[in-house]
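Right, one structure below, let's go through it.
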Amino acid sequence: MNRLQTSLGTLTMQNPVTVASGTYGAEFGAFYDLNCLGAYVTKTITRYPKQGNPPPRLYETEAGLLNSIGLQNPGLDIFLSNTLPELSAVCSAPIIVSFSGSTIDEFAEMLDIMEQEPRISGYEVNISCPNVEKEGIAFGVDPDTVHSLTSRLAALTSKELIIKLSPNVTDVVSIARAAATGGATSIALINTLLGMAIDWKTGKSRIKRGVSGYSGLAIKPVALAATYKVASALRIPVLAMGGIYDWKDALEFFYAGASAVAIGTANFANPHAVPELIAGLDSYLQERDVSLSDIIGTVQF
Amino acid sequence: MNRLQTSLGTLTMQNPVTVASGTYGAEFGAFYDLNCLGAYVTKTITRYPKQGNPPPRLYETEAGLLNSIGLQNPGLDIFLSNTLPELSAVCSAPIIVSFSGSTIDEFAEMLDIMEQEPRISGYEVNISCPNVEKEGIAFGVDPDTVHSLTSRLAALTSKELIIKLSPNVTDVVSIARAAATGGATSIALINTLLGMAIDWKTGKSRIKRGVSGYSGLAIKPVALAATYKVASALRIPVLAMGGIYDWKDALEFFYAGASAVAIGTANFANPHAVPELIAGLDSYLQERDVSLSDIIGTVQF
Amino acid sequence: MENRILRVEKAEWLNDDYFILWIKDEQLAATTQAGQFYELRKYSSDPHRLRKPISVYNVEKNFIGFFIKKLGRGTTELATMKKGDELDLVGPLGNGFPLVESQKIALVSGGIGYPPLWYLRRKLAGKNDVYWLHGGNSKADVFPCDEIWSMDGSIGNQGYVTQGLETLLKFGGFDLIYACGPEPMLIQVAKVAAEYGVKLYVSMEAYMACGIGVCHGCVVPTGTPEHIVYKTVCKEGAIFDATEICWSAL
Amino acid sequence: MENRILRVEKAEWLNDDYFILWIKDEQLAATTQAGQFYELRKYSSDPHRLRKPISVYNVEKNFIGFFIKKLGRGTTELATMKKGDELDLVGPLGNGFPLVESQKIALVSGGIGYPPLWYLRRKLAGKNDVYWLHGGNSKADVFPCDEIWSMDGSIGNQGYVTQGLETLLKFGGFDLIYACGPEPMLIQVAKVAAEYGVKLYVSMEAYMACGIGVCHGCVVPTGTPEHIVYKTVCKEGAIFDATEICWSAL
Ligand SMILES: Cc1cc2nc3c(=O)[nH]c(=O)nc-3n(C[C@H](O)[C@H](O)[C@H](O)COP(=O)(O)OP(=O)(O)OC[C@H]3O[C@@H](n4cnc5c(N)ncnc54)[C@H](O)[C@@H]3O)c2cc1C
Ligand SMILES: Cc1cc2nc3c(=O)[nH]c(=O)nc-3n(C[C@H](O)[C@H](O)[C@H](O)COP(=O)(O)OP(=O)(O)OC[C@H]3O[C@@H](n4cnc5c(N)ncnc54)[C@H](O)[C@@H]3O)c2cc1C
Ligand SMILES: Cc1cc2nc3c(=O)[nH]c(=O)nc-3n(C[C@H](O)[C@H](O)[C@H](O)COP(=O)(O)O)c2cc1C
Ligand SMILES: Cc1cc2nc3c(=O)[nH]c(=O)nc-3n(C[C@H](O)[C@H](O)[C@H](O)COP(=O)(O)O)c2cc1C
Ligand code: FES
Ligand code: FES
């Protein structure tokens, strides 16, 4: 029996641990075998290459990390011709491609192209990146738009269709519901909060673009609240992330209702965060003689 | 010359330091003279006594504090007959009363009653408490409602009218704008984020009610982003709060555009946070030979 | 109520988990009552974090002792303190135990409920007839008293300390009980005390933020199930008359 | 690229601000090139925080040295390390300096740009003719080299190290410059090098998160102002051909 087995909609995972888009790459293969992953989520790609935001793009605050990458990526074509084959060569875990577009048509066009690729097991639709002005984010805050986008994409694929939501909204449940009724097979949350930091000595914004994305330790309680709210209100599986560093953090999210978790910022602090989390969770479940499924959604008050 | 002088709409303050509603009381008079405050903001009161939420109501996470007080308070009548006179006796700083109602009529009724009190210098309208179901929060997320409420209240008073906003919204600027056009004389932000924590050992929520309010160190970047967005988009003065512990934190908020700051959770960690912040800020400005007004809103990128 | 930074005069380890920190301050020693507590932090620790409420274990010749169990992050930090290190404290806090004379008294403590009763017993001793029952999980959680209970039977009687209390009360003659310990123990003590009609003061615990009565975070339910009034442990307690607490709402 | 936890073999303090940490690892020493760096943290420090990028200062007989300036939180934590403490490191990272032979070379460093050039000089020495100019704010920021500049004139020549470079290039004969230091210095070095038509390699700095090329956080602008391509310092650098950098976009 595999105590760690879980599933996200159509996708069965050998364990519930994946990675947060934009915080990971095949480079981690230098530290451990990438096949230990429950799934591999790519950095968000766009239809055409994106230059990204001017630096400084990073700043570590007292309790978390600010980033303003601006979805720098080589574009879909190069992703498919170079990145994906390279990745497939070293990773046999399910590959989920995170992608973003500037119109519903562009999202659909991208998905259509990717449907030709058997090595892609699913999609994470990024409608929640705070670091680009037109791309994505505008989609993520309005239930009607989310419903239209999801319906359009769901019609084009039978693979796992994850919609990744922003916490920077008034009511995340209404947006998750729109995605679910539109045909999403699971929900990923949370993308980064909006944050800012200023150098008190100089008055200069630590990040060139000012307001940026806030992740890591500080956002764990926010992510947990969003996970609990969506998982308890809807039947759709949740892929949870936000400040998860170790198996104890992950357990909180499973109790709150997450079906799987992703490690993001923690990969930077600890390159072994992924295998350590998997191993820690496994021995904890073994010790307590329970399966992950016995824990998911069982938070008590 | 008083380098620290600032103003919030109609209110001139001897210094820009006040306290976050619900985190302060005359008890701090045991540690220092309350007259050092730029203004005193009371705990939120409601028309009638409120019992508050069942415990546990508090939990300190790795980077911040969760609370679920649920606006426990003795109600407006006892506040006016007991609390306010007691407070006035020990504090001659401007007193701002934070209050919340369950209907626009109730808000207006409360303000009407309080208008009789010369010791009240202004109001902080709490439409952003995440810990009560009906009270307040529903008002804080919809620009039209905020506009109606603010217009109604502005017509009743010529005192300082601060509208306190929630960060748990899609677009804080649109709500601040609604308050400003409605006649608010300043904006307070941010109230707590939504957060949650679960004991991984037992699966029990750390807070009885589950989702609660998240404050302290962790939320500083979020508060700073909200402050910057509102202060740079609108002309209305901002009273900023969220994770401010010392004068360096405060400086970040002034650069971002805050006209005054409030200390909340920091009061719990350091009972002398208020006078230490005032003194630190004063000597910094003196050393640099500038006034606070030279710094407000001058963030560079 | 003061906020002071004072040097640890002595750090005494009782076993792997329990230690006593002693500080010295004439004024605080003179005003601190049994049942009161202080909010403590290691001065050199992260200034953003909350203090930890710790009862007064003893006051003797201007020395104040804190008897602490190493549990989580806060107490583990306190456990690193050595003689000469600076302790940042706020207190004394709370109302303290009401003191009586010429009474037959039972003290009941469980686990880390022990420390406040030590100083209370000293205050009651001589003027009253005092009998102290203490229970813990195991040998390591048990300290000097009149009757020892342990869950694992590794020392004293095996079982709950409240069993001992019940036996005691059966024989009668007790006027008053003071109790401090984990919630389930207090609930049981309250039940037994009510059954035998003995007056009971309890020291309640709660997660705290401010420690001084401003945040309303540390409440316990008082009144009746139909009309609960939440009272602050830090200011209106930590000591309550047991009949005030709404035990069924705990 | 490895993630290892190694003991500090020696912690050497040069003055109040600068110190050198030495570790020992045969395999890492064998593969580490001049101009590469490691991401370091004190193993016992808060595991949630980012590591700090520190260049390789020297490699000698399986020892690797890190020459560090105490600046903010991360480097202050490293500054507490003593012999025997555990250092958690990831590396070697980055591309390293291209090595040459039979060239007349100027090394230019400013402040904490000094350490990587030390190891570079060792690698170049003997096979090339090397002259090293170093500048710092003050005496405390200056270390052994061929020509010293300080802003306050407390040691060596007073002024910018780039003034020294310009004088040097005026007399000609230089084939190659390697430079490492603060951005304003690099901009000036690039200007002077271009003026005199001397090839220049620069070691760029950037705030880092992953350190291994996955987050795209540590970029510098390359290409032209019209067509900027952001390249990662941690993976595509830290060493760049100066003509690649879009200096006007810095
Ligand atoms: C009025 C008052 C007086 C106290 N007096 C003493 C005293 O004299 N000596 C002493 O050692 N302790 C005393 N305590 C308890 C002490 O405050 C807690 O043990 C301490 O706050 C735990 O903090 P931490 O950061 O070490 O652990 P945390 O990280 O907060 O908790 C670690 C683990 O212990 C559990 N825990 C937390 N608080 C308690 C608690 N109060 N009881 C049981 N389990 C808990 C948590 O759920 C968690 O699983 C007192 C508490 C109060 C309210
Ligand atoms: C590839 C590379 C190699 C490096 N090699 C070395 C080395 O060999 N020795 C060494 O001492 N340092 C080196 N550094 C710089 C070192 O990484 C920083 O000094 C360190 O990250 C500062 O971290 P902190 O937490 O101590 O300070 P922070 O809290 O991050 O910063 C403290 C103050 O210093 C400023 N600051 C931060 N980083 C820098 C910087 N890179 N340059 C100037 N000011 C800065 C901040 O704005 C802030 O005001 C290198 C950096 C890079 C990118
Ligand atoms: C440097 C960085 C880059 C990111 N890039 C992306 C991205 O390309 N697409 C995306 O959906 N989310 C991106 N995110 C958000 C993360 O995937 C994740 O949702 C968020 O960081 C919260 O998780 P964490 O706290 O574990 O990092 C990025 C986050 C960071 C820190
Ligand atoms: C224990 C506690 C009680 C609070 N009660 C109130 C309240 O009654 N009314 C209100 O407007 N905000 C209340 N708040 C929110 C604070 O006023 C403040 O907006 C928030 O905590 C962010 O600031 P901080 O990080 O400095 O604490 C409360 C916060 C805490 C921690
Ligand atoms: S801890 Fe704040 S009221 Fe008791
Ligand atoms: S630090 Fe992440 S790419 Fe360089």
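Naming convention: chains lettered A, B, ... in sequence-line order (proteins, then strands); numbering from 1 in each chain. What you see is a predicted model, and the numbers here were worked out from it, not measured in a lab. These values consider heavy atoms only, across backbone and side chains, with no hydrogens, waters or symmetry-generated copies.
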Task: Side chain, backbone, both or neither of B/A266 within contact of chain C (heavy atoms, under 4.5 Å) - done: neither
TODO: With a 4.5 angstrom heavy-atom cut-off, could you sort out which part of B/P49 is near chain C: side chain, backbone, both or neither?
DONE: neither
Task: Cationic N near anionic O, under 4.0 Å, C/D141 to C/K69 - done: yes
- [ ] Applying ring-ring contact (aromatic ring centres under 6.0 Å, His included), name anything that partners C/Y160, two or more places apart in sequence or on another chain.
- [x] none
Open item on the list: The criterion is ring-ring contact (aromatic ring centres under 6.0 Å, His included); which residues satisfy it with B/F254, sequence neighbours excluded?
Closed with: none
Task: Flag if over 12 foreign heavy atoms under 6.0 Å of CG, C/N15 - done: yes
Open item on the list: Between B/A273, B/G243, B/P55, B/G64, who has the most heavy-atom pairs with chain C when the cutoff is under 4.5 Å?
Closed with: B/P55
Which pair of non-hydrogen atoms, one from [X] and one from [Y], has the smallest distance, and what is that distance?
X: B/A258; Y: B/A240; value: CB-CB, 3.6 Å
X: C/T32; Y: C/Y119; value: O-OH, 3.8 Å
X: B/L281; Y: B/P16; value: CD2-CG, 3.9 Å
X: C/C215; Y: B/I69; value: O-CD1, 3.2 Å

Open item on the list: Just to verify, what does C/S109 make a side-chain hydrogen bond (donor to acceptor under 3.5 Å, both in side chains) with, not counting sequence neighbours?
Closed with: C/W132, C/H134
Task: Segment of C/V219 engaging chain B (4.5 angstrom heavy-atom cut-off) - done: both
TODO: Check whether C/A209 gets within reach of chain B through its side chain, its backbone, both or neither, counting any heavy atom under 4.5 Å.
DONE: both
Task: When C/V229, C/I228, C/V220 are compared by non-hydrogen pairs under 4.5 Å with chain B, the top option - done: C/I228
Give every donor-acceptor pair between chain C and chain B closer than 3.5 Å, one pair per line, or write none.
from, atom 1, to, atom 2, distance (Å)
C/N3, OD1, B/H272, ND1, 3.0
C/R49, NH1, B/T61, O, 3.2
C/R49, NH1, B/E62, O, 3.1
C/R49, NH2, B/E60, OE1, 3.2
C/L50, N, B/E60, OE2, 2.7
C/R51, NE, B/A269, O, 3.1
C/R51, NH2, B/A269, O, 3.0
C/Y207, OH, B/E60, N, 3.1
C/H216, O, B/R57, NH1, 2.7
C/Y230, O, B/Q72, NE2, 2.9
C/K235, NZ, B/E27, OE2, 2.6

